[in-house]
Amino acid sequence: MHVLCVAEKPSISKSITQILSGGQFSTRSTANKFVKNYDFEYYFTNDYYTVTCVSGHLTTPDFFDTHRKWNSCDPFDLFEAPVQATIPETSKSIERNIFNEAKNADMLMIWTDCDREGEHIGSEIEKVCKRAKRTINVKRARFSAIIAQQIHNAAQHPVNLDRAQADAVEARTILDLKVGAAFTRMQTLALQRQVKKIEDEKNVVSYGPCQFPTLGFVVARYKDVQTFRPETFWFIYLTLSQPSSSPGDARETRFTWRRGHLFEYDAALVIYEMMITSGSLARVAKVTKKETKKWKPLPLTTVELQKAGSRLLKLAPKKILDIAEKLYQQGYLSYPRTETDQFDPQFDFASLIDKQKDDPAWGGFAVSLSDGDFSRPRNGKNNDKAHPPIHPTGHVSNLIGDDKRVYEFITRRFLASCSKDALGWQTTVEIDYEGEEFYATGLTVLEKNYLLVFPYDKWVDNNIPDFEKGEEFQPSVCELRDGQTTRPNLLTEADLVALMDKNGIGTDATIAQHIDTIVTRNYVIERYEGATKYLLPSTLGIGLVEGYNQMGLEKSLDKPILRRETERRMVQVCNGQKSKQEMINQSLEQYKEMFMIAKGNFDKVVTSVRNYLERHGDAEQGRPGDGQGGGGNNGEGYHGSGTAGRGGRAPEGRSTDPASRAAVPIIDIIIPDDSDDDSQPPPRTSKPPSARQPPKRPTPPPKLPASRNHDSGQIHCNCGPAVQRTVVKESASKGRLFWTCPNKPGCGFFKWDDDVTELCNKAIPAKRPFSYRQEPSANDSESCRCRCNLTAVRKTVQKEGQNKGRMFWICPNSDAARCSFFEWDDEPPRAEPAHDRPPAASGSGGNKPGTCFKCNEEGHWANG
DNA sequence: GCAAGGTC
């Protein structure tokens, strides 16, 4: 029998050929320079194999000529316009190749990635091959890693294509095209007609279900920055100065107040006065000394490369990916699009480390790893079963510029991940002063280990003197000091990548593209403050988002919820709960309704955009010298250490935008400005008040709703009101505020302050409380449904363990009748892999309970 | 002149 195998990409076709052929194969080139056809005899079945590939999707949906031209129809007609899958010119050679190969084959075996898109690509391949040979037998090989045992198993036990998954993707592609085209044409044509600065027909004002929420994140943060009003807080500053070894020098230990700081002056003053009037001494309550570690970095995924690279190398995520792609093509890096942060057990570290031995900068470190310092990289939680984490595959020394920096980062990260965690010695001294707790933490770095090769991480000594339990002393300084909350930062690209990732906007391969899109569309401007790049919405970007928000649409176009509903409907199609056509119809109805409202109220967008473009249009030119653009918080954040108050005021002069896009008139920007902030209390003195003298109380700021008190309520733990504290430990979170239980031992409550703020602002969902699911409602056709097609119920993990307190959705039936449906509340809904799905799952939705369909690494769920 | 998703 002649079997034609078609993989999703060239690298996979080559790998499976090497495994199945045992290295004995012949190669034919094709009209596409990346695609090769490999021929061999498969020893185990005595079949003749040809292995080739496509390069991702073969087709892209498009309108017919009747609707393709912008002025050919009313944009609304696009929702009902017929759409056909077309093969773009660039894919024609690939199509011809599999068409010709299929003519001679008895069986088509599809080897695409095992995900929804892979299933859809499989169906595209099937169509071409069936045109070539109607009777060809179509099968699908299922594999999750390129390792010999799995590949042989897949070849010998092929299954059928999963039509439901392919249908879900097809529905999504059609919807994306229709919705994107309809909204883009409508808003572009209307704005070109009515706003002078946009009248040039080259100005496309695009709408896309991913790009708009991406813009929404940038605008929401900008608004947070703009509406921020600082609040004054009070804290007790306590130090002890001791003679040091060098004469005339004093060694100062700063103790942090366990309460962090208080926003009520009276309360702080009462506590402070009690302390200073008692005349008693501070007593050392506890000294803890323990070994501590700074963990080496995880193996590198695409999203992590973009986040870390943008933060550390100050390069745009798209640029980083482009460079990594180029270095991959040149053979210096592994495949740069991967979700995997764990190396295979058989991964050959030694030879890769060897290749770095001659590098003048990190060669010595590579040698030391080979000489015994090697330690297997940590395992992350992600594995796309297709590609290893990003790592250098060869050494190169002649790179320059950004290419060099990206290669260096990836290589150092790889070597660091193969090294040992850094080791330190941490001392914590807790003192009691009139019933108030203070503490100081010291760190001595014992072994730098991975830090030697990874300068991007900082971990430095912070020595404090020796203290003994029970020791008493008179503090050198004990003052009531004030500080002010500082405004949040504008988004960095790294923040945005993380937000998109968390909200399921785009995929690892497309996130960077979406960010690039909103920049090239002039919705967002990249703005540097120092070396850090912040994302600032343009007047056009804000105008659009605000205009749409004024329409009172139930589901705003600039929020992730619509995309999430599309995602949920796709899952329902995959589960057989919905047909492709039902999904398309439901989504189209929803978008058509929104379109009519948007069109009917478009004057709001026009007015808003016009206002921003014309009223603020010259803002930057009109107000030079305000360098507040980045909104850079200098890292002191809320700590209020008594030095200059608001963080991040850049040196005088305008920040320059190296992206020369700033020349385009419609992208003027409004710089977050606090000059008209009349509610702000007087600036606090830069000099601390003298010791033991309470500062003169500044004018209290007006009460602002939901600013600090988070929805006018205190944050509560299980025991009552929680307290706010600051991370003092040397770590990535140093200086960050959090809320915790005030009792010792308490209930263990913990929440980051910025998560709480985000949750309250509803602009950026926080990690855990954020739900991807809809609560059941009267009209709950979109609610989370289990496999019995019942509305799922949300429960909370009670069992002790890392998931305790986490919420999940399951079938509402009682134990015996409960089906195997399970989804985490804080993770996007996902289609169940076909191989794990019980046969009854397809069809009308009926499903016998008791089949465990999901391998769950946490082991939290096993039904039946 | 529209989208988002693959991949080179």
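Worth saying up front: this structure is predicted, and the values here are computed from it rather than measured. A note on names: the letters A, B, ... follow the listed sequences, proteins ahead of strands, and every chain is numbered from 1.
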Residue-phosphate contact under 4.0 Å: [X] side-chain N/O, [N] OP1/OP2:
X: A:Thr510; N: B:dG5; answer: yes
X: A:Arg563; N: B:dG5; answer: yes
X: A:Gln513; N: B:dG5; answer: no
X: A:Ser206; N: B:dA3; answer: yes
X: A:His514; N: B:dG5; answer: yes
X: A:Lys202; N: B:dG1; answer: no
X: A:Thr507; N: B:dG6; answer: yes

[N] [atom2] sits how many Å from [X] [atom1], rounded?
X: A:Arg185; N: B:dG1; atom1: CZ; atom2: P; result: 11 Å
X: A:Arg172; N: B:dG6; atom1: CZ; atom2: C1'; result: 9 Å
X: A:Phe212; N: B:dA4; atom1: CZ; atom2: P; result: 11 Å
X: A:Glu124; N: B:dG6; atom1: CD; atom2: C1'; result: 9 Å
X: A:Ile518; N: B:dA4; atom1: CD1; atom2: P; result: 11 Å
X: A:Asp167; N: B:dG5; atom1: CG; atom2: C1'; result: 17 Å
X: A:Glu170; N: B:dG6; atom1: CD; atom2: P; result: 16 Å
X: A:Glu339; N: B:dG5; atom1: CD; atom2: C1'; result: 13 Å

Among [options], the one nearest [X] by side-chain distance:
X: A:Gln192; options: B:dA4, B:dG1, B:dA3; result: B:dG1
X: A:Gln211; options: B:dG1, B:dC8, B:dA3; result: B:dA3
X: A:Tyr335; options: B:dG5, B:dC8, B:dA3; result: B:dC8
X: A:Arg68; options: B:dC2, B:dG1, B:dG5; result: B:dC2
X: A:Ala509; options: B:dC2, B:dG5, B:dT7; result: B:dT7
X: A:Pro209; options: B:dC8, B:dA4, B:dG5; result: B:dA4
X: A:Trp70; options: B:dA4, B:dG6, B:dG1; result: B:dG1
X: A:Glu117; options: B:dA4, B:dG6, B:dG1; result: B:dG6
X: A:Arg337; options: B:dA3, B:dT7, B:dG5; result: B:dT7
X: A:Arg521; options: B:dG1, B:dG5, B:dC2; result: B:dC2

Whether [X] and [Y] hold their rings parallel, tilted or perpendicular, with breakpoints at 30° and 60°:
X: A:Phe602; Y: A:Tyr548; result: perpendicular
X: A:Phe595; Y: A:Phe76; result: tilted
X: A:Tyr407; Y: A:Tyr332; result: perpendicular
X: A:Trp111; Y: A:Phe143; result: tilted

Checklist entry - Ignoring hydrogens and angles, does a donor from either the side chain of A:Thr173 or the base of B:dA3 sit under 3.5 Å from an acceptor on the other? => result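 Under the 3.5 Å cut-off, the side chain and the base do not form any donor-acceptor pair.
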Checklist entry - For A:Glu201 and A:Ser11, take the nucleotide of DNA chain B holding the closest heavy atom to each; which residue's nucleotide lies nearer the 5' end? => result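 Closest to the 5' end, via its nearest nucleotide, is A:Glu201.
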Using a 4.0 Å heavy-atom cut-off, does [X] contact any base of the nucleic acid, only the sugar-phosphate backbone, or nothing at all?
X: A:Gly506; result: sugar-phosphate
X: A:His120; result: nothing
X: A:Pro75; result: nothing
X: A:Thr112; result: nothing
X: A:Tyr207; result: sugar-phosphate

Checklist entry - Under a 4.0 Å N-O cut-off, is there an ion pair linking A:Lys127 with A:Glu124? => result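 No.
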Item to check | Stepwise salt bridge (charged side-chain N to carboxylate O under 4.0 Å, His left out) check, A:Arg563 with A:Asp176 | outcome: CA-CA 10 Å; A:Arg563 191 63 184 170; A:Asp176 283 345; 2.9 Å; yes
Next on the checklist: On a heavy-atom basis, which atom in A:Val51 and which in A:Ser13 lie closest, and how many Å separate them?
Outcome noted: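 Looking at all heavy atoms of both residues, the closest pair is CG1-O, 3.6 Å.
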